[in-house]
Amino acid sequence: MLDLVILSLHFFICLLISIVIWCGPKDVDLHSSRTGTVEMEPDGLILIGKEDDIRRSQRVTAKIDGREVVVFYHEGNFHAMDSRCYHEGGPLRLGEIEDIGGQACIVCPWHKYKITLETGEGLYEAINPLEPSPTPQWKSKGVKQRIHKVTIDNGNVYLSPPDFSVSFDSDYFADKYKNNGDLAMEK
């Protein structure tokens with residue numbers, strides 16, 4: 001009987017934890033007014049937030065014309081990119097940052113794709129079977145993820161509007177889930 005009580009208590013606690021995680025705080029569209037417009041500065045830059053706030057939180061998401069962008073603060077630098085992974089739209093804001101081959105990379109939480117914060121290149125590990133002792137080395141797939149230029153001015157963090165004359169693989173998921181929020185993509 002005691003085993004049944006302990007098992008029931010364990011199940012109930014796990015259920016509560018699941019509910020708290022599922023209903024927990026979501027990222028907020030920090031920069032849209034009630035009309036859905038972003039705060040555009042006269043020079044065309046888009047205000048994302050206060051430099052100190054983003055340093056403390058390490059990452060923040062914002063919507064620019066319905067497109068979700070994530071801004072990371074990592075090792076003294078700010079980086080911004082589309083928030084959905086180029087592979088299958090995984091939420092990069094939930095990924096871990098790792099040093100891979102001397103480059104800071106976000107690792108997509110869904111399928112572990114590695115994307116450099118600096119350039120948006122997709123990385124993969126490969127060996128050359130023709131070498132006498134093949135050892136794995138990191139290689140680039142090319143730029144797959146759209147990155148956004150970050151400007152710091154007077155304690156504020158700004159993004160430059162994206163240049164859509166060049167397309168990237170991540171554009172597909174950024175456009176597909178534009179204005180739909182997190183519920184469309186969370187697994």
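These numbers come from the heavy atoms of this one structure, side chains and all, not from hydrogens, waters or symmetry mates.
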Would the distance check show the side chain of [X] and the main-chain N or O of [Y] forming a donor-acceptor pair, the cut-off being under 3.5 Å?
| X | Y | answer |
| --- | --- | --- |
| Lys114 | Lys112 | yes |
| Arg84 | Glu68 | no |
| Gln145 | Tyr86 | yes |
| Glu88 | Cys85 | no |

- Item | Audit row: Asp82, Phe173, side chain to side chain contact (heavy atoms under 4.5 Å, CB included) steps and yes/no | CA-CA 9 Å; Asp82 286 350; Phe173 289 103; over 6 Å; no
Show the nearest heavy-atom pair for residues [X] and [Y], with the distance to one decimal.
| X | Y | value |
| --- | --- | --- |
| Phe78 | Ile152 | CD1-CD1, 3.6 Å |
| Gly95 | Arg59 | O-NH1, 2.6 Å |
| Leu117 | Ile147 | O-CG2, 4.2 Å |
| Arg146 | Phe164 | NH2-CD2, 3.7 Å |
| Leu159 | Ala80 | CD2-CB, 3.5 Å |
| Thr119 | Val143 | O-CG1, 3.5 Å |

- Should we count NZ of Lys149 as having more than 12 external heavy atoms under 6.0 Å? no
- Query: Salt bridge or not for Asp175 and Arg67, using N-O below 4.0 Å?
  - Reply: yes
Same hydrophobic cluster for [X] and [Y], using side-chain heavy-atom links shorter than 4.5 Å among ILVMFWY?
| X | Y | value |
| --- | --- | --- |
| Ile106 | Ile100 | no |
| Ile64 | Val157 | yes |
| Ile115 | Ile97 | yes |
| Ile46 | Val60 | yes |

- How many angstroms lie between atom NZ of Lys63 and atom OG of Ser83, to the nearest 0.5 angstrom? 8.5 Å
- Rounded to the nearest 0.5 Å, the CG atom of Leu123 sits from the NZ atom of Lys139 at a distance of 11.5 Å
- Partner of Thr116 under side chain to side chain contact (heavy atoms under 4.5 Å, CB included), picked from Lys144, Glu121, His79, Met81, is Glu121
- Determine, stepwise, if the pair Asp153 / Thr151 fulfils side chain to side chain donor-acceptor pair (under 3.5 Å). CA-CA 6 Å; Asp153 185 37; Thr151 302; over 6 Å; no
- Message: Is the shortest side-chain heavy-atom distance between Cys105 and Asp99 below 4.5 Å?
- Response: no
- Message: Could you tell me if the side chain of Tyr73 sits less than 4.5 Å from the side chain of Ser57, heavy atoms only?
- Response: no
- Going by the angle between their ring planes, with limits at 30° and 60°, are Tyr113 and His111 parallel, tilted or perpendicular? perpendicular
- Task: Name all pairs fulfilling the side-chain hydrogen bond (donor to acceptor under 3.5 Å, both in side chains) condition that reach into residues 122-133, sequence neighbours left out, sorted by first residue then second.
- Result: none
